[in-house]
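A short write-up of the structure that comes next.
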Number of protein chains: 2
Amino acid sequence: MAAIRASQSPKINRKAATIPHASAGPTVDVRCVLFTVADGKLLVALDQREGTASLPRSLPVANEPLDATARRTIRESTGLQEQYLEQLYTLSFRDSDGWSVIVSYVGLIYAGPETDALARSIWFDTHSLPKLSGADEKVIEYALLRLRAKLGYTNIAFHLLPRAFTLTELQNAYESILGRRLDKRNFRRRAIASGILQSTNQQRREGSHRPAALYRFRAEHDPADYLTPAWADEA
Amino acid sequence: MAAIRASQSPKINRKAATIPHASAGPTVDVRCVLFTVADGKLLVALDQREGTASLPRSLPVANEPLDATARRTIRESTGLQEQYLEQLYTLSFRDSDGWSVIVSYVGLIYAGPETDALARSIWFDTHSLPKLSGADEKVIEYALLRLRAKLGYTNIAFHLLPRAFTLTELQNAYESILGRRLDKRNFRRRAIASGILQSTNQQRREGSHRPAALYRFRAEHDPADYLTPAWADEA
DNA sequence: GCAAAAGTGTTGTGTATACACCCATGG
DNA sequence: CCATGGGTGTATACACAACACTTTTGC
């Protein structure tokens with residue numbers, strides 16, 4: 001607990017602050033970890049320009065809010081519109097391209113058969129990822145950690161499903177992310193109790209077994225985005 | 001669920017990506033919300049250069065990790081060494097100085113009588129803050145929200161106390177942050193049960209009443225930093 | 001002996017977990 | 001009629017909230 005008031009010099013700070021642009025500050029680059037679930041696998045979207053794979057990324061254009069950059073990145077790189085987006089973490093990184101500040105986002109999306117067909121090549125199983133840069137690897141790893149943790153106290157997994165879904169599909173999404181099986185009765189009880197399920201009166205019949213009831217997600221009761229500040233990103 | 005594959009043009013993206021430096025990207029600036037507790041009040045540290053108050057801030061110097069920038073900012077602005085530091089949120093902001101990306105951090109510290117004396121002027125009660133920029137106001141508001149939420153599932157408030165403390169002091173810290181009174185017996189039971197209290201065998205006698213047992217915080221059992229990625233910030 | 005803060009247990013209520021069988025359908 | 005996944009209830013353990021009095025000290 002020794003005194004710390006040593007290097008009190010705000011020289012660099014002040015100087016740079018007066019000429020904010022064109023200084024040797026870091027480049028800001030936005031990267032998105034976009035997840036989807038298919039066949040009981042948790043998949044992540046990667047770009048594969050020039051052989052090596054990498055997270056979808058881009059630089060913010062002038063005065064573009066970071067959230068908008070993230071959404072644009074996802075659109076440009078996958079052609080899809082994410083259903084949920086949350087800022088993950090910001091880190092600085094030094095590599096061959098110079099000095100970057102990476103603002104990372106996590107997105108969730110349902111990639112059904114249609115979209116799957118046109119964009120299949122970009123999806124990679126999180127359990128067998130291709131070679132990635134160190135930064136991308138860490139960002140993905142952390143995104144997974146946070147996504148799993150968040151399943152415990154939010155209903156975020158709804159965003160991985162189509163508008164109408166069965167409880168079994170919902171449970172499969174949870175199990176894919178968590179990597180373990182859940183008890184059917186307990187899962188259904190909690191899902192119903194959470195109050196964010198709206199029971200449509202439709203059913204889905206497929207295969208030689210009892211048809212499943214279809215539900216919708218009541219977005220207005222979703223407490224999932226409480227981690228994102230209300231103002232989010234304005235300019 | 002209409003098809004979204006509209007603006008597939010990664011023009012801007014690609015172009016900017018090839019000349020990352022010297023472009024008109026945003027300035028990156030790190031701001032710290034440093035909290036302390038005194039007299040049952042939750043206080044935040046503000047700089048008051050040139051009349052208007054603002055959060056302590058600075059620009060990262062070349063290749064400096066963001067966490068290091070945050071720690072340096074706190075040292076330079078308060079002369080103190082924070083006891084806990086966590087990244088809060090990153091937002092972009094447009095103001096008179098141009099286009100900035102603000103990486104915000106929350107720090108916790110114990111500001112005892114000694115430190116209080118030399119730095120008293122910088123501390124402001126969170127319930128009566130001076131006029132601040134819109135960005136700073138929002139960052140503080142969000143920091144408070146997150147700090148309160150975090151008290152529910154972590155033991156983060158220990159970082160607001162001196163090395164040895166009484167359970168009553170700990171409870172006061174919680175109450176100052178939450179803004180409501182807690183039940184003494186329940187509070188103590190949970191604090192003990194959490195396993196991060198190490199009972200020193202010392203007591204503190206002050207005033208005409210029974211002396212209080214002193215405890216220490218077992219940092220190695222602190223699950224508080226699980227929100228921060230293991231790699232945190234390397235370059 | 002009294003004022004002032006420290007310290008201490010029990011009970012009810014709600015929430016999470018473990019666990020096994022019948023139902024509706026297609027072929 | 002059988003294979004397949006859909007759907008249902010109960011008992012137990014644990015976590016949390018409400019609640020009041022005794023203890024030790026300084027003066």
Side-chain angles (χ1 to χ4, degrees), chain A residues 37-40 148-155 157-158 161-162 164-216 221 223, chain B residues 37-40 148-155 157 161-162 164-176 178-216 221 223:
Chain A
V37 166
D39 299 325
R148 292 205 179 100
K150 211 157 182 183
L151 284 192
Y153 56 96
T154 69
N155 297 293
F158 291 101
L161 298 176
F165 51 87
T166 68
L167 290 184
T168 301
E169 287 171 332
L170 181 59
Q171 184 173 348
N172 286 340
Y174 272 79
E175 291 176 344
S176 299
I177 297 170
L178 295 176
R180 61 191 167 89
R181 314 267 310 147
L182 301 173
D183 180 85
K184 183 160 50 160
R185 283 170 291 187
N186 293 334
F187 180 84
R188 293 161 101 93
R189 187 189 1 265
R190 271 185 310 190
I192 301 293
S194 76
I196 57 172
L197 290 186
Q198 180 171 21
S199 156
T200 75
N201 291 326
Q202 294 153 313
Q203 296 190 321
R204 174 181 301 159
R205 49 209 160 285
E206 61 169 3
S208 53
H209 54 80
R210 180 170 174 174
L214 285 172
Y215 293 84
R216 279 197 203 294
H221 294 160
Chain B
V37 166
D39 298 325
R148 291 207 180 98
K150 212 158 181 184
L151 283 192
Y153 56 95
T154 70
N155 297 292
L161 298 176
F165 52 86
T166 68
L167 290 184
T168 301
E169 288 172 332
L170 181 60
Q171 183 173 349
N172 286 340
Y174 272 80
E175 291 176 345
S176 299
L178 296 176
R180 60 189 167 90
R181 314 265 310 147
L182 301 173
D183 180 85
K184 184 159 49 160
R185 284 170 290 190
N186 292 335
F187 181 84
R188 293 162 101 91
R189 186 187 3 268
R190 269 185 311 190
I192 301 293
S194 75
I196 57 172
L197 289 186
Q198 180 172 19
S199 156
T200 75
N201 292 325
Q202 295 153 312
Q203 296 190 323
R204 173 180 300 161
R205 49 210 161 284
E206 60 169 5
S208 54
H209 54 81
R210 181 170 174 172
L214 286 172
Y215 292 83
R216 278 197 203 294
H221 295 159

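What's counted below: heavy atoms across the whole structure, side chains too, no hydrogens, waters or symmetry copies. All chains are named by letter (A, B, ...) in the order of the sequence lines, taking the proteins before the strands, and each is independently numbered beginning at 1.
When side chains are defined from C-beta on, Glu169(B) does not count as touching Leu167(B), because their heavy atoms never get closer than 4.5 Å. At a threshold of 4.5 Å between non-hydrogen side-chain atoms, the residues Ile192(B) and Tyr215(B) count as touching. Looking at heavy atoms from C-beta onward, Asn172(A) lies out of side-chain contact with Val37(A) at the 4.5 angstrom threshold.
Rounded to an integer number of Å, the gap from Leu182(B) CG to dA17(D) P is 9 Å. With rounding to whole Å, Phe187(B) atom CZ is found 16 Å from dA18(D) atom P.
Of all non-hydrogen atoms in Tyr174(A) and Thr154(A), the two that sit nearest each other are OH-O, 3.6 Å. Across Arg204(A) and Ala164(A), no two heavy atoms sit closer than the pair NH2-O, 3.7 Å.
For Asn186(A), taking side-chain heavy atoms from C-beta onward, the closest of the listed nucleotides dG7(D), dG9(D), dA17(D) is dG9(D).
In this structure, Arg148(A) contributes its side chain and Ile177(A) its backbone to a donor-acceptor pair below 3.5 Å.
The 5' end of DNA chain C is approached more closely, in terms of each residue's nearest nucleotide, by Leu167(B) than by the other of Leu167(B) and Arg185(A). Of the residues near DNA chain C, Lys184(B) and Arg189(A), the one whose nearest nucleotide (by heavy atom distance) lies more toward the 5' end is Lys184(B).
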N/O-N/O pairs, protein side and nucleotides 25-27 of chain D side, under 3.5 Å:
from, atom 1, to, atom 2, distance (Å)
dT25(D), O2, Ser208(B), O, 3.0
dT25(D), O2, His209(B), N, 3.2

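Between the OG1 atom of Thr168(B) and the CD atom of Glu175(B) there is a distance of 9.5 Å, given to the nearest 0.5 Å.
Taking a heavy-atom distance under 4.0 Å as the criterion, the stretch of DNA chain C touched by chain B extends 5' to 3' from dA3(C) to dT10(C).
Contacts of Thr166(A) with the nucleic acid, taken as non-hydrogen atoms under 4.0 Å apart, are absent.
Residues forming a side chain to side chain donor-acceptor pair (under 3.5 Å) with Asp183(B) (at least two apart in sequence, or on another chain): Asn186(B).
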